[in-house]
K.L.:
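I'd like to ask some things about the structure below.
Chain A is the first sequence line, chain B the second, and so forth, proteins listed ahead of strands; every chain is numbered from 1.
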Amino acid sequence: MTDTAAGAAETDYSSTLFLPETAFPMRAGLPEREPVWLKRWEDMDIYKLQREQAADRPLFTLHDGPPYANGNIHIGHALNKTLKDMISRSQQFLGHNAAYVPGWDCHGLPIEWKIEEQYRAKGKDKNEVPIIEFRQECRTFAEQWVDIQREEFKRLGVLGEWDVPYLTMSFDAEAQIARELMKVSMSGQLYRGSKPVMWSVVERTALAEAEIEYADYESDTIWVKFPVLGASANVDTKAEGGFAASADAIRGLDGAFVVIWTTTPWTIPANRAISYSSRISYGLYEITEAPEGNWASVGERYVLADNLAAEVFTKAKVTGTKRLHDVDPGTITACAHPLRGFGGGYTFDVPLLDGDHVTDDTGTGFVHTAPGHGLDDFEIWMNSGRLLAEKGIDSAIPYVVGDDGFYTKDAPGLEGARVIDDNGKKGDANQRVITALAERHAMVARGRVKHQYPHSWRSKKPVIFRNTPQWFVYMDRDISAQGGDTLRARALRAIDQTKFYPAAGQNRLRSMIADRPDWVLSRQRAWGVPITVFVHRQTGEILKDEIVNHRIAQSFEEEGADAWYKPGAAAHYLGSQYPVEDYEMVTDVLDVWFDSGTTHSWVLRNKQKWPHLKFPASMYLEGSDQHRGWFHSSLLESCATNGFAPYDSVLTHGFTMDGEGRKMSKSLGNTVAPQDIIKQYGADILRLWVASSDYSEDLRLGKEIIQTTVDSYRKLRNTLRWLLGNLAHYQPTDTVAFADMPELERLMLHRLAQLDGQVRTAFKEYDFRRVVTLLGNFMNIELSAFYFDIRKDALYCDPISSVRRKASLTVLHHLFDCLTAWLAPILVFTMEECWLERHKEEGASVHLRLLPEVPAEWLDDDLANKWQLIRAVRRVVTGALEIERREKRIGSSLEAAPQVFIADERYLTALEGQDLAEIAITSDISLLASEGPADGFRLEDVPGVAVVPALAEGNRCARSWKVLPEVGSDPDFPDVSLRDAQALRERAELGL
RNA sequence: UGGCCCGUAGCUCAGGUGGUUAGAGCGCACGCCUGAUAAGCGUGAGGUCGACAGUUCGAGUCUGUCCGGGCCAACCA
């Protein structure tokens with residue numbers, strides 16, 4: 001113990017030190033302060049300043065995928081927009097002109113629902129409202145949410161052209177969307193086909209799945225027999241030793257029946273196939289015993305799934321059967337329709353199709369397949385195109401039921417029968433079908449079943465699947481002038497030419513494009529851009545006339561797509577050349593995916609409105625669900641109209657899960673609202689969370705994760721705060737040249753130069769997590785715990801003239817310059833706050849900077865290697881001191897002056913000319929070139945270094961707190977060290 | 001059910017082409033400092049790398065199966 005420490009009070013020299021001074025608060029208060037920065041940026045119009053400043057730089061266009069304009073933003077939106085913002089900003093910092101134009105998707109069903117809901121609340125019916133009025137309400141609704149979301153996005157710190165966003169419902173957009181559709185049509189890629197959709201007869205409308213609710217319903221069930229027309233062994237029988245297609249077996253099928261079961265007898269006229277499964281075992285059964293006059297009579301032979309035969313015969317009141325042999329349904333060439341010849345129709349062959357959707361749980365193991373009345377049915381039918389062609393079967397799907405529920409002429413002999421009436425009650429269709437079947441001896445059995453059946457959410461009445469005309473885009477039709485090109489081929493080629501982050505996205509999109517059916521563009525809806533097409537009533541041909549198209553687009557430019565619905569519109573568009581009565585005006589609207597799929601054509605290419613955007617875009621960035629969505633539709637649309645992708649690269653991010661990795665849902669109560677995080681912690685915390693997560697996978701967010709983010713933010717902030725506090729004492733005239741700096745300073749600059757390269761690479765690869773990790777580690781380990789800790793003595797205590805002090809300040813200045821720029825794309829608010837703390841001039845902003853140029857001469861690997869060794873020795877010293885502390889022999893490391901024994905030549909060389917005491921923050925150190933005593937403190941991984949602790953001798957300097965023998969030797973300043981005495985003298989000379 | 005993706009310490013993440021006792025930061029515990037102070041420094045404890053099989057002299061890394069989770073498969077975006 002020294003004399004001064006023992007008793008007498010020390011003089012307080014703190015006012016003579018260069019202690020950190022800053023107004024930058026330790027506690028950020030982000031929720032309150034962030035809006036102030038936002039206001040400042042808005043007032044200075046920083047987005048515009050950025051554009052002007054970067055006008056001559058290469059463009060980087062991150063094209064915003066439009067969110068849907070309904071409801072407040074959720075955490076997924078926040079993640080998406082924050083990522084986009086960090087990419088735009090980092091690209092701007094890298095030297096691009098990275099404009100960001102946000103957009104919104106405004107048409108579509110969900111908004112229609114909301115308006116309809118409002119109607120229902122007022123007791124109004126949607127169908128009574130004129131469509132233009134209805135559309136106007138949708139438009140107003142969307143506008144309102146665009147405004148709300150815009151404010152929420154801005155609050156995240158997202159910088160963009162918020163005053164001129166793009167909207168899919170703006171008049172110019174609607175005009176261009178229609179133009180794009182007409183381009184597709186003019187090039188022969190559009191055609192009218194059909195598809196079964198959920199249809200409400202009561203409301204005369206198609207329904208979305210979300211508009212359907214399932215309720216108990218009693219259906220008629222029937223077992224029907226289809227006569228086998230022929231069997232052949234030439235059919236593939238895969239299973240060896242399973243279905244033996246022996247001659248006997250095939251002969252046995254002569255005159256046999258395939259039996260199906262259905263709960264919708266009215267779909268029998270629409271039957272075109274029978275599905276079976278090659279995974280099910282089937283047998284041929286002969287009826288040996290049955291009541292007199294039974295539908296299923298003695299001598300008849302049925303093909304049935306073995307698992308279901310007994311049940312079927314029970315239903316059919318059959319009392320005795322004999323199983324003849326196995327049957328492979330694949331050997332049956334075709335059956336006849338059970339109504340063959342009825343009303344002069346049903347003469348086509350009914351093929352058997354192998355389908356995975358067939359099970360042997362219920363029914364007969366054979367599924368009655370009516371492609372116009374079921375999704376499975378439609379799919380297997382469409383996928384069997386080749387097989388049907390081989391068999392010479394027409395693959396056209398009949399329109400058996402009209403929109404009013406009546407059979408059409410496609411149900412010969414049954415016209416006028418009705419499936420469902422205007423009140424939602426069952427019509428006579430089922431009974432008429434059953435009667436006809438029975439008359440023709442095609443019935444096996446009948447019954448009733450109670451089950452869950454789809455009903456309209458609105459009318460609560462049952463709905464049906466009904467074949468409906470739809471507009472499609474060909475995937476596989478040859479569309480190029482010179483031939484040999486299809487939309488699918490173009491799209492696949494475009495995918496190969498696109499860079500994907502992560503790479504797996506490429507395969508995902510590729511396999512979707514490779515497998516997808518033709519693109520259905522039409523929706524029977526009100527709120528959308530109409531399919532602006534006229535069809536000749538007689539020929540069914542689409543009218544292709546550029547003048548008509550121009551009239552349409554022109555009217556949309558002027559009054560929006562509502563023009564299509566205005567009285568007299570058709571006549572106006574068709575002009576005098578085409579008689580209105582000869583043409584059908586299509587009233588379907590476009591799938592909203594087509595809307596957003598065209599944004600490249602009217603956003604990226606609109607140089608008048610957005611001169612800083614380029615086409616194709618540098619990048620499209622969305623959640624991974626958009627492989628099926630926007631990435632997909634944009635690709636197809638651009639390939640159809642341009643022949644190539646609208647983007648150079650595609651980046652996908654995962655979804656936000658709760659802390660346990662589970663999906664967030666209101667019912668589970670595990671949702672995290674971005675608004676709440678901002679209110680409690682600030683947007684920078686949310687942004688730091690995004691930056692430190694691996695966005696290529698699903699992200700997790702919960703209480704603990706937020707806390708971790710808050711903690712690491714605090715650490716970053718405090719490190720910067722200390723920098724600022726010390727830089728308060730820095731004058732540009734203090735700057736020390738690189739060559740004149742101590743090694744420790746040059747080491748820090750070397751690290752800056754290294755980091756510069758790493759940070760730039762990480763930004764180029766959109767790897768923010770790497771930036772955060774890199775800088776977080778650097779600031780913690782190398783700055784806070786090492787460099788700052790060591791240099792506190794010099795920065796606080798050294799004389800004003802000290803080169804060491806000035807060199808350190810110079811380094812702090814560079815550190816500040818680099819760190820604020822590197823972190824600015826991520827912590828947009830905090831870095832601005834930091835930067836302005838030192839740059840009070842009007843119009844200053846960290847966001848108007850570029851990444852600082854770091855001199856290559858700073859790189860010095862040899863120096864870094866050498867300091868690796870020095871730091872290893874330091875660790876041994878620190879370790880030794882820790883034991884002294886535990887034994888209560890010392891508290892502060894300045895109380896120690898250990899002996900360091902070094903036997904290893906490498907360490908000795910490294911330490912030549914170094915002040916190890918300064919580096920280890922002790923008052924003194926004696927360095928000895930020897931093995932050292934056996935009980936010296938050693939570390940396993942630092943061989944040849946031993947430390948023997950000792951107390952520092954002398955008195956404690958009242959100013960620097962070092963314990964040195966020299967303290968007391970200066971008569972003018974007897975209580976401080978010689979360095980501190982010098983410092984005090986200089987101050988006195990300067991009158992401080 | 002099918003296509004694609006994921007599963008390393010309490011948290012966020014590192015762990016080229018398989019090779020010694022699996023790393024970092026934060027958090028936590030303990031100690032120090034009291035001139036970054038609702039801060040700073042040090043030391044330490046935490047992992048059967050989702051499970052099980054297999055290939056291999058050797059697997060967190062390769063293969064298969066399973067378990068758990070996610071996205072897609074809507075006239076939802």
Side-chain angles (χ1 to χ4, degrees), chain A residues 12-15 17-20 22 26-27 65-70 105 108-110 112-113 195 197-198 205-212 356-357 375 468 470 502 504-505 507-509 511-512 515-516 520 522-525 528 588-589 591-593 596 623-630 652 654-655 657 659-663 689 692-694 696-700 702 704-709 711-712 714-715 718-719 721-726 769-770 772-773 776-777 779-781 784-786 788-789 792 796-797 878-879 881-883 885-886 888 890-894 921 959-961:
Chain A
D12 181 2
Y13 281 103
S14 51
S15 63
L17 300 171
F18 292 110
L19 292 177
T22 180
M26 196 149 81
R27 292 169 62 84
Y68 196 65
N70 72 335
D105 205 354
L109 187 60
E112 268 189 54
W113 284 343
K195 195 187 143 173
V197 301
M198 283 283 194
T205 177
L207 294 174
E209 183 67 35
E211 296 172 294
I212 297 289
D356 287 342
H357 64 289
L375 236 37
T468 318
Q470 302 292 347
N507 284 332
R508 188 167 177 184
L509 189 55
S511 64
M512 281 178 185
D515 294 341
R516 67 155 300 141
V520 188
S522 47
R523 299 289 121 103
Q524 286 71 51
R525 289 283 159 188
D588 291 353
V589 300
D591 175 12
V592 289
W593 286 115
S596 58
S624 60
D625 57 334
Q626 297 302 325
H627 286 105
R628 182 59 84 184
W630 194 52
T652 53
F655 280 64
M657 302 298 136
E660 273 69 55
R662 257 162 240 278
K663 188 209 277 262
W689 164 72
S692 45
S693 301
D694 180 359
S696 73
E697 295 172 20
D698 287 342
L699 293 78
R700 294 184 179 202
E704 186 176 11
I705 296 167
I706 295 170
Q707 195 51 51
T708 303
T709 311
D711 287 338
S712 61
R714 271 220 294 265
K715 180 70 198 183
N718 264 312
T719 305
R721 177 167 183 265
W722 188 84
L723 262 182
L724 277 169
N726 285 280
R769 186 182 35 168
R770 185 152 171 69
V772 170
T773 307
N777 286 348
M779 290 167 81
N780 284 320
I781 303 168
S784 190
F786 179 68
F788 290 177
D789 214 28
K792 274 182 205 171
Y796 296 178
C797 306
T878 317
L881 295 186
E882 190 56 28
I883 291 174
R885 240 191 292 265
R886 201 184 311 149
K888 303 291 176 199
I890 61 165
S892 160
S893 60
L894 286 177
I921 319 182
R959 190 163 177 274
S960 67
W961 298 343

K.L.:
Under 4.0 angstrom, heavy atoms only, what part of the nucleic acid is A:Arg516 near: base, sugar-phosphate, or nothing?
P.N.:
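Nothing: the residue A:Arg516, judged by heavy atoms under 4.0 Å, touches no strand.
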K.L.:
Give the nucleotide from the list B:rC13, B:rG70, B:rC72 with an atom nearest to the side chain of A:Asp698.
P.N.:
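Given the options B:rC13, B:rG70, B:rC72, the side chain of A:Asp698 is closest to B:rG70.
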K.L.:
Could you run through RNA chain B and flag its stems, i.e. three or more consecutive Watson-Crick or G-U pairs with both distances under 3.5 Å?
P.N.:
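When the pairs of RNA chain B are grouped into runs of at least three, the stems are B:1-7 with B:67-73, B:10-13 with B:23-26, B:28-32 with B:40-44, B:50-54 with B:62-66.
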K.L.:
Can you tell me how far C1' of B:rA39 sits from CE of A:Met779, to the nearest Å?
P.N.:
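Value for this atom pair: 15 Å.
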K.L.:
Does A:Arg885 reach a base, just sugar-phosphate, or nothing at all? Heavy atoms under 4.0 Å.
P.N.:
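Answer is sugar-phosphate: A:Arg885 comes under 4.0 Å of backbone atoms only.
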K.L.:
Using whole Å, what does the distance between atom P of nucleotide B:rA36 and atom CZ of A:Phe788 come to?
P.N.:
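My rounded result for the distance is 12 Å.
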K.L.:
Before giving the answer on side chain to side chain contact (heavy atoms under 4.5 Å, CB included), spell out for A:Asn718 and A:Met26 the whole-Å C-alpha distance, their side-chain angles and the decisive distance to 0.1 Å.
P.N.:
CA-CA 6 Å; A:Asn718 264 312; A:Met26 196 149 81; 3.1 Å; yes
K.L.:
For the side chain of A:Asp698 and the backbone of A:Phe655, is there at least one donor-acceptor N/O pair under 3.5 Å apart?
P.N.:
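Indeed, once roles are kept as given, a pair shorter than 3.5 Å links the two residues.
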K.L.:
Taking the same atom, C1', in B:rG10 and in B:rA29, what whole-Å distance lies between them?
P.N.:
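About 13 Å, rounded to a whole number of Å.
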K.L.:
Distance check, C1' atoms only: B:rG7 and B:rG50, in whole angstrom units.
P.N.:
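Roughly 6 Å separates the two C1' atoms.
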K.L.:
Using a heavy-atom cut-off of under 4.0 Å over every strand shown, decide if A:Val592 touches base, sugar-phosphate, or nothing.
P.N.:
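Sugar-phosphate contact only.
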K.L.:
Does this structure show an ion pair linking A:Lys792 with A:Asp789, if we count only N-O contacts that are shorter than 4.0 Å?
P.N.:
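Salt bridge present between A:Lys792 and A:Asp789.
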K.L.:
With C1' as the reference atom in both, quote the distance from B:rG44 to B:rU61 in angstrom, rounded to an integer.
P.N.:
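Those two atoms are separated by 30 Å.
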K.L.:
With a 3.5 Å distance limit and no angle check, can you tell me whether A:Tyr68 reaches the backbone of A:Gly108 through a side-chain donor-acceptor pair?
P.N.:
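Indeed, once roles are kept as given, a pair shorter than 3.5 Å links the two residues.
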K.L.:
Rounded to the nearest Å, what distance is computed from the CD atom of residue A:Glu882 to the P atom of nucleotide B:rU43?
P.N.:
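Rounded to the whole Å, the gap is 7 Å.
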K.L.:
Among B:rA38, B:rA77, B:rC5, find the nucleotide with the atom closest to the side chain of A:Asp625.
P.N.:
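Of all the options, the side chain of A:Asp625 is nearest to B:rA77.
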K.L.:
For A:Gly879 and A:Gln470, find the nucleotide of RNA chain B closest to each by heavy atoms; which residue's nucleotide sits nearer the 5' end?
P.N.:
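Upstream on the strand: A:Gly879.
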K.L.:
In whole angstrom, give me the gap between the P atoms of B:rC52 and B:rC67.
P.N.:
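15 Å, rounded to whole Å.
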K.L.:
Please lay out, stage by stage, how A:Gln626 and A:Thr652 fare under the test side chain to side chain contact (heavy atoms under 4.5 Å, CB included).
P.N.:
CA-CA 8 Å; A:Gln626 297 302 325; A:Thr652 53; over 6 Å; no
K.L.:
For the side chain of A:Arg700 and the backbone of A:Met657, is there at least one donor-acceptor N/O pair under 3.5 Å apart?
P.N.:
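Flag not set: sc A:Arg700 to bb A:Met657 has no pair under 3.5 Å.
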K.L.:
Scan A:Thr878 against the nucleic acid and name what it touches under 4.0 Å (heavy atoms): base, sugar-phosphate only, or nothing.
P.N.:
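Answer is sugar-phosphate: A:Thr878 comes under 4.0 Å of backbone atoms only.
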K.L.:
Hey, is the main chain of A:Ile706 close enough, under 3.5 Å, to the side chain of A:Trp689 for a donor-acceptor pair?
P.N.:
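No; zero donor-acceptor contacts below 3.5 Å.
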K.L.:
Quick one: label A:Gly629 by what it contacts on the DNA or RNA (base, sugar-phosphate, nothing), any heavy atom closer than 4.0 Å.
P.N.:
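If one applies the 4.0 Å heavy-atom cut-off, A:Gly629 turns out to touch nothing in the nucleic acid.
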K.L.:
Using atom P of each nucleotide, how far apart are B:rC62 and B:rG18 to the nearest Å?
P.N.:
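Here B:rC62 and B:rG18 have their P atoms 9 Å from each other.
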K.L.:
Between B:rA36 and B:rC41, how many Å separate the two P atoms, rounded to a whole number?
P.N.:
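The answer is 10 Å between these two P atoms.
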K.L.:
Quick one: A:Lys792 NZ to B:rG40 C1', roughly how many Å, whole number?
P.N.:
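In whole Å, B:rG40 C1' and A:Lys792 NZ are 5 Å from each other.
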K.L.:
What pairs with A:Asp694 under side chain to side chain contact (heavy atoms under 4.5 Å, CB included), at least two apart in sequence or on another chain?
P.N.:
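Checked A:Asp694 against side chain to side chain contact (heavy atoms under 4.5 Å, CB included); matches are A:Ser696, A:Glu697, A:Arg769.
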K.L.:
Over all strands shown, is A:Arg508 touching base, sugar-phosphate only, or nothing at heavy-atom distances under 4.0 angstrom?
P.N.:
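A:Arg508: base contact, heavy atoms under 4.0 Å.
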K.L.:
Output the single nucleotide from B:rG35, B:rG69, B:rA38 whose closest atom is nearest the side chain of A:Arg662.
P.N.:
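Closest of the options to the side chain of A:Arg662: B:rG69.
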K.L.:
Between A:Trp113 and A:Leu17, which residue's closest nucleotide on RNA chain B lies nearer the 5′ terminus?
P.N.:
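Residue closer to the 5' terminus by nearest nucleotide: A:Leu17.
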K.L.:
Counting N and O atoms only, with roles assigned by atom type, does the side chain of A:Arg662 sit under 3.5 Å from a partner on the main chain of A:Gly659, one being a donor and the other an acceptor?
P.N.:
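Pair absent, no side-chain N/O of A:Arg662 close to backbone of A:Gly659.
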K.L.:
Please state how far atom CD1 in A:Ile705 lies from atom C1' in B:rC13, giving the value in whole angstrom units.
P.N.:
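After rounding, the reported distance stands at 12 Å.
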K.L.:
Report yes if a side-chain nitrogen or oxygen of A:Lys888 is closer than 4.0 Å to either non-bridging phosphate oxygen (OP1 or OP2) of B:rC32; otherwise report no.
P.N.:
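Indeed, a polar side-chain atom of A:Lys888 lies that close.
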K.L.:
Identify whether any heavy atom of A:Leu207 sits under 4.0 Å from a base atom; if not, whether one sits that close to sugar-phosphate; answer base, sugar-phosphate or nothing.
P.N.:
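The residue A:Leu207 makes sugar-phosphate contact but no base contact.
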K.L.:
Taking CG from A:Leu894 and C1' from B:rC41, how many angstroms apart are they, rounded to a whole number?
P.N.:
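So the two atoms are 12 Å apart, to the nearest Å.
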K.L.:
When all nucleic acid strands are considered with a 4.0 Å heavy-atom cut-off, which category describes A:Ala206: base, sugar-phosphate, or nothing?
P.N.:
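Counting heavy atoms under 4.0 Å across all strands, the contact made by A:Ala206 includes a base.
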K.L.:
Can you name the residues that form a side chain to side chain donor-acceptor pair (under 3.5 Å) with A:Asn70, not counting sequence neighbours?
P.N.:
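Partners of A:Asn70 under the side chain to side chain donor-acceptor pair (under 3.5 Å) test: none.
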K.L.:
Any chance you could list the contact pattern along nucleotides 23-30 of chain B? Use B for base contacts, S for sugar-phosphate-only contacts and - for none, protein heavy atoms under 4.0 Å, 5' to 3'.
P.N.:
-SSSS---
K.L.:
So, does A:Arg959 use its side chain to make a donor-acceptor pair with the main chain of A:Cys797 at under 3.5 Å?
P.N.:
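Such a contact is found between A:Arg959 side chain and A:Cys797 backbone.
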K.L.:
With a 4.0 Å cut-off on heavy atoms, is A:Asp694 in touch with a base, just the backbone sugar-phosphate, or nothing at all?
P.N.:
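Sugar-phosphate contact only.
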K.L.:
Could one point to a donor on the side chain of A:Ser784 or the base of B:rA36 with an acceptor on the other under 3.5 Å away?
P.N.:
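Per atom types, the contact qualifies.
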K.L.:
Check whether any side-chain nitrogen or oxygen of A:Arg721 sits under 4.0 Å from OP1 or OP2 of B:rU37, and answer yes or no.
P.N.:
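It does, given that an N or O in the side chain of A:Arg721 lies less than 4.0 Å from OP1 or OP2 of B:rU37.
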K.L.:
For nucleotides B:rC33 and B:rA39, find the distance between their C1' atoms and express it as a whole number of Å.
P.N.:
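Here B:rC33 and B:rA39 have their C1' atoms 11 Å from each other.
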K.L.:
For B:rC71, does the base pair up with any side-chain atom of A:Arg628 as donor and acceptor (N or O, under 3.5 Å, distance only)?
P.N.:
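Such a pair does not exist between side chain and base.
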K.L.:
By the 4.0 Å heavy-atom rule, please label A:Arg700 as base, sugar-phosphate, or nothing.
P.N.:
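A:Arg700: backbone/sugar contact only, no base atoms under 4.0 Å.
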K.L.:
What integer distance in Å separates A:Met512:CE from B:rC71:P?
P.N.:
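In whole Å, B:rC71 P and A:Met512 CE are 13 Å from each other.
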K.L.:
Can you tell if the side chain of A:Met779 reaches within under 4.5 Å of the side chain of A:Lys715, non-hydrogen atoms only?
P.N.:
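Heavy-atom side-chain distance check fails, nothing below 4.5 Å.
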K.L.:
Could you work out, with ring-ring contact (aromatic ring centres under 6.0 Å, His included) as the rule, every residue matching A:Phe788, not counting sequence neighbours?
P.N.:
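Per chain and number, A:Phe788 pairs via ring-ring contact (aromatic ring centres under 6.0 Å, His included) with A:Trp722.
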K.L.:
Would you mind calling B:rG40 syn or anti? Take O4'-C1'-N9-C4 for purines or O4'-C1'-N1-C2 for pyrimidines, and syn is within 90° of 0.
P.N.:
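This nucleotide is in anti.
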K.L.:
So, A:Trp961 and B:rG35: ring centres less than 5.5 Å apart, planes less than 30° off, yes or no?
P.N.:
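A:Trp961 vs B:rG35: stacking yes.
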K.L.:
Rounded to the Å, how far apart are A:Glu704 CD and B:rA9 P?
P.N.:
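In whole Å, B:rA9 P lies 12 Å from A:Glu704 CD.
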K.L.:
Any donor-acceptor pair under 3.5 Å between the side chain of A:Trp593 and the base of B:rA77?
P.N.:
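Side chain to base: pair present.
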K.L.:
Across the strands shown, which category fits A:Met657 at heavy-atom distances under 4.0 angstrom: base, sugar-phosphate, nothing?
P.N.:
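Touches sugar-phosphate only.
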K.L.:
Would you measure the distance from the P atom in B:rA14 across to the matching atom in B:rC6 and give it in whole Å?
P.N.:
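Those two atoms are separated by 12 Å.
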K.L.:
Of all residues at least two apart in sequence or in a different chain, which pass the side chain to side chain contact (heavy atoms under 4.5 Å, CB included) check with A:Asn777?
P.N.:
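For A:Asn777 the side chain to side chain contact (heavy atoms under 4.5 Å, CB included) partners, ignoring immediate neighbours, are A:Thr773, A:Ile781.
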K.L.:
The side chain of A:Asn718 is closest to which nucleotide in this list: B:rA77, B:rA36, B:rC13?
P.N.:
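Out of B:rA77, B:rA36, B:rC13, the nucleotide with an atom closest to A:Asn718's side chain is B:rA36.
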K.L.:
For A:Gly725, answer base if it contacts any base atom (sugar-phosphate contacts may also be present), sugar-phosphate if it contacts only those atoms, and nothing otherwise; contact means non-hydrogen atoms under 4.0 Å.
P.N.:
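It contacts nothing in the nucleic acid.
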